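Quick caveat: nothing in here was measured; it's all calculated off a predicted structure.
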Amino acid sequence: MRPTVHDIAAAAGVSLATVDRVLNRRPGVRHVTREKVETAIRQLGYIRDVAAANLAKGRTYPLVFILPASDNSFMHGLNGEIRQAILRSAAERTDIRTIEVPAFDPAALVAMLEELSREKPCGVAMVATDAPEVCATVDKLVHAGFPIVTLVSDLTGSLRHHYAGVDNIAAGRTAARLLGRFLGPRKGEIAVLAGSMLVRDHRERLEGFTAVMAEEFPDLAILPVLEGRDDPEIAHMLVADALSRNAGIVGVYSLGAGNRGLIRALKEKAVDRTLTVIAHELTVHTRAALIDNTIDAILNQDAGHEVRSAIRVLKAKADGLPVIDAQERIRLDIFLKDNLP
C-alpha cells in the first residue's frame with residue numbers, strides 16, 4: 001500500500017497538522033522537526049498526490065485561451081469546444097475565458113501575452129503566430145513561471161511547455177500522397193490555398209506536401225501559394241482567378257483556411273469536374289462538399305481533443321505533475337464521403 005500522511009506522522013513522531021505544514025511549506029515548524037518529517041517522507045517513499053490535495057482544498061485553475069479573430073470555420077468550431085469546456089468548469093475546477101486577437105498579427109498577440117502576465121492565470125493556451133517577437137515573449141513568460149501550451153499551430157524553438165495539435169508535416173505529406181495517387185498518371189499544375197504563411201501549421205503542411213510531390217510526383221507542378229487570410233471572400237477571388245488563368249490546374253490543396261470561398265469557386269467551375277481537391281478540417285461546409293463530390297478527401301484534427309489536452313496539460317504544469325504523452329497525442333483523420341462520422 002502507498003504510505004499516507006498518517007504513516008509519516010507516526011514515523012516522525014509528530015502531529016498530522018505538523019506533517020501538513022511541512023508538505024505545504026508553511027511556517028511554524030522548528031528546523032529539527034521539519035528534518036524529522038522530511039526524513040520520514042524519504043524513507044517511506046511517500047509521493048504526494050498534488051491533484052488530490054488541490055481537490056481537497058477546492059483549488060480552481062484560471063485558464064486563458066487566445067484565438068485569432070477570423071471568419072474561419074475551424075476556429076469557430078474550436079471556440080465551440082472551448083465553450084463546452086466552460087460548461088464543465090465546475091466539475092473540472094477550471095475558470096476558462098477566451099480572448100480573440102487579430103489574426104496573423106504578432107504585435108497584437110505579444111501585447112495580449114504581456115497583459116496576461118500581469119494577471120497571472122494558471123496557464124495560457126494559444127494559437128501561435130510564428131514570429132521572433134512572439135517567441136521571445138513566450139520564453140519570458142515561461143521563465144517567469146507561466147505554463148503555456150500552443151494550440152493547432154506551434155511555436156517551435158520557443159520554451160512553450162506543450163503543443164496540442166497534429167503533426168503538420170505528416171499531414172502535408174499525407175495530402176500530397178492522396179492527391180498524387182488520385183491523379184494517377186495525369187500531368188499538370190497544383191493550386192495551393194493557405195490562410196497565411198505566418199502560421200507554422202500552414203508552413204509545415206506545405207513543407208511536407210512539396211517534399212512528397214518532388215520525390216514521387218514530379219509531373220505535378222505546384223503553383224505559388226494563394227494566401228486567403230482566413231477570409232472566404234479573398235479565398236474565393238484568389239481561387240476563381242487562378243482557375244480561370246491556369247487551364248493546366250488538375251488539383252487543389254487547401255492547407256486549412258478559406259474553404260468556404262474555395263468551395264464556392266469550385267462550384268462555379270462545376271462544368272469541369274476533372275479537378276481533384278484535398279482540404280483540411282471537417283466542418284459543415286466541407287462535409288457537404290465531400291458528399292456532393294466537390295472535395296475528394298478531408299484531413300481532420302479533433303478540436304475537442306485539442307482543447308481537452310490543453311486543459312489537462314496546463315493543470316498538470318500548474319501542479320508540477322508529469323504529462324502523459326500518449327494521452328495527449330492528436331490523431332490525424334482522413335475522411336472520404338464514404339466514411340463520414
Side-chain angles (χ1 to χ4, degrees), residues 1-66 85-86 88-97 113-126 135-151 155 157-164 308-329:
M1 293 180 61
R2 290 178 59 182
T4 68
V5 291
H6 294 273
D7 299 320
I8 297 172
V14 300
S15 67
L16 288 173
T18 298
V19 173
D20 180 72
R21 282 195 290 272
V22 173
L23 286 173
N24 289 288
R25 298 181 175 85
R26 290 199 292 270
V29 182
R30 291 186 305 159
H31 177 73
V32 64
T33 303
R34 186 178 296 277
E35 283 192 339
K36 285 182 181 179
V37 173
E38 291 175 347
T39 298
I41 289 171
R42 288 194 299 272
Q43 290 176 343
L44 291 169
Y46 175 80
I47 299 174
R48 189 182 183 210
D49 190 338
V50 179
N54 284 333
L55 177 61
K57 289 186 281 189
R59 180 185 182 183
T60 297
Y61 299 80
L63 306 175
V64 178
F65 282 80
I66 305 177
I86 291 172
R88 301 190 298 269
S89 288
E92 297 180 355
R93 296 174 292 121
T94 55
D95 179 12
I96 299 171
R97 62 189 173 113
L113 288 170
E114 295 281 8
E115 182 177 329
L116 289 173
S117 71
R118 294 187 286 273
E119 297 180 16
K120 295 182 168 52
C122 276
V124 175
M126 65 174 190
C135 191
T137 303
V138 166
D139 289 354
K140 183 172 71 173
L141 266 61
V142 170
H143 281 304
F146 287 87
I148 293 185
V149 169
T150 51
L151 191 65
L155 198 59
S158 73
L159 297 178
R160 57 93 177 119
H161 292 92
H162 183 77
Y163 164 57
R308 294 189 296 273
S309 176
I311 292 170
R312 281 193 298 267
V313 171
L314 289 174
K315 289 174 67 177
K317 291 300 179 183
D319 287 338
L321 298 176
V323 173
I324 303 172
D325 289 335
Q327 184 181 22
E328 310 310 340
R329 189 171 296 116

Original post:
Considering residues at least two apart in sequence or located in another chain, which fulfil the salt bridge (Lys or Arg N to Asp or Glu O under 4.0 Å) criterion with Arg312?
Top reply: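 Counting only residues at least two positions away or on another chain, Arg312 forms a salt bridge (Lys or Arg N to Asp or Glu O under 4.0 Å) with Glu328.
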Subject >> Qualifying residues under salt bridge (Lys or Arg N to Asp or Glu O under 4.0 Å), relative to Arg88, sequence neighbours excluded >> reply: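 Counting only residues at least two positions away or on another chain, Arg88 forms a salt bridge (Lys or Arg N to Asp or Glu O under 4.0 Å) with Glu92.
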[X]: which residues meet the side chain to side chain contact (heavy atoms under 4.5 Å, CB included) condition with it, sequence neighbours left out?
X: Ala17; value: Ser15, Arg21
X: Leu113; value: Ile66, Leu109, Val124, Met126, Thr137, Val138, Leu141
X: Glu115; value: Met112, Arg118, Glu119

Original post:
What residues, two or more places apart in sequence or in another chain, satisfy side chain to side chain donor-acceptor pair (under 3.5 Å) together with Arg160?
Top reply: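 Partners of Arg160 under the side chain to side chain donor-acceptor pair (under 3.5 Å) test: Asp154.
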Rounded to the nearest 0.5 Å, what separation is found between the [atom1] atom of [X] and the [atom2] atom of [Y]?
X: Ile311; Y: Cys122; atom1: CD1; atom2: SG; result: 12.5 Å
X: Tyr61; Y: Ser89; atom1: OH; atom2: OG; result: 13.5 Å
X: Ile86; Y: Phe65; atom1: CD1; atom2: CZ; result: 8.5 Å

Considering non-hydrogen atoms only, spot the tightest contact between [X] and [Y] and give its length.
X: Leu116; Y: Phe146; answer: O-CE2, 4.1 Å
X: Ala310; Y: Ala125; answer: CB-CB, 4.1 Å
X: Ala164; Y: His162; answer: N-CD2, 3.9 Å

**OP:** Using modelled atom types only, decide if a donor and an acceptor are shared between the side chain of His161 and the backbone of Val149 within a distance under 3.5 Å.
**Re:**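 Between the backbone of Val149 and the side chain of His161 there is no qualifying donor-acceptor contact (under 3.5 Å).
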**OP:** State whether the number of non-hydrogen atoms from other residues, nucleotides or ligands found under 6.0 Å of Ile324 atom CD1 is greater than 12.
**Re:**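 Count not over threshold, so no.
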Would you give me the side-chain donor-acceptor pairs under 3.5 Å for residues 7-14, sequence neighbours excluded?
| residue | atom | partner | partner atom | Å |
| --- | --- | --- | --- | --- |
| Asp7 | OD2 | Thr4 | N | 2.8 |
| Asp7 | OD2 | Thr4 | OG1 | 3.3 |

Original post:
Would you say the side chain of Lys317 lies within less than 4.5 Å of the side chain of Val323, judging by non-hydrogen atoms?
Top reply: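 Yes, at least one pair of side-chain atoms sits under 4.5 Å.
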Determine all donor-acceptor pairs shorter than 3.5 Å in which one atom belongs to a side chain in residues 35-43; sequence neighbours excluded.
| residue | atom | partner | partner atom | Å |
| --- | --- | --- | --- | --- |
| Glu35 | OE2 | His31 | NE2 | 3.0 |
| Thr39 | OG1 | Glu35 | O | 2.8 |
| Thr39 | OG1 | Arg42 | NH2 | 3.3 |

